[in-house]
Amino acid sequence: MLSMVRRLRKWFIAGVIVVVVLAVGAPTFIHFIEGPPPAKLVLPKDKALPPELEIRAAVDMTKLAGTWNIGAGSVAGYRVQEVLIGQNSTAVGRTEEIWGRPPSPASR
């Protein structure tokens, strides 16, 4: 009986330690170790779109139809706002390992 009480006490203490590590570790990681997220991806300013494809409030999707090829130096990524253990964070993922041809925006 005494060994069972000791075993339960060890599991309880281990559980408390895990909770404390998560409660202190997550905010510490998010605010001090992780650092700020990288800048948002933007289209380069030196590669102007033809006048008929300039971005407007309402884009005529038929003018964007066709094949879009992925060129050297292309980057794909995502940015997500998330809450981890009550702490706001921005998750960002990026890759330059892209191949193929994405569908044109008009085909969506």
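Note that these values count all heavy atoms, side chains included, but never hydrogens, waters or copies made by symmetry. Positions are given from 1, in the same order as the sequence printed here.
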Engineer: Please find the pair of heavy atoms, one from Ala76 and one from Leu41, that lie closest to each other, and give the distance.
Structural biologist: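 Distance-wise, the nearest heavy atoms are C-CD1, 4.4 Å.
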
Engineer: Kindly work out whether a path of hydrophobic side-chain contacts (I/L/V/M/F/W/Y, heavy atoms less than 4.5 Å apart) joins Val83 to Leu22.
Structural biologist: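 The answer is no; the residues belong to distinct hydrophobic clusters.
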
Engineer: Write down the atom of Arg79, the atom of Arg94, and the distance for their closest heavy-atom approach.
Structural biologist: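 Taking Arg79 first and Arg94 second, the nearest heavy atoms are NH2-NH2, 3.7 Å.
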
Engineer: In terms of hydrophobic clustering (I, L, V, M, F, W, Y; side-chain heavy atoms under 4.5 Å; direct or indirect links), are Ile13 and Val5 co-clustered?
Structural biologist: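 No, because Ile13 and Val5 fall into different hydrophobic clusters, even though each may have its own neighbours under 4.5 Å.
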
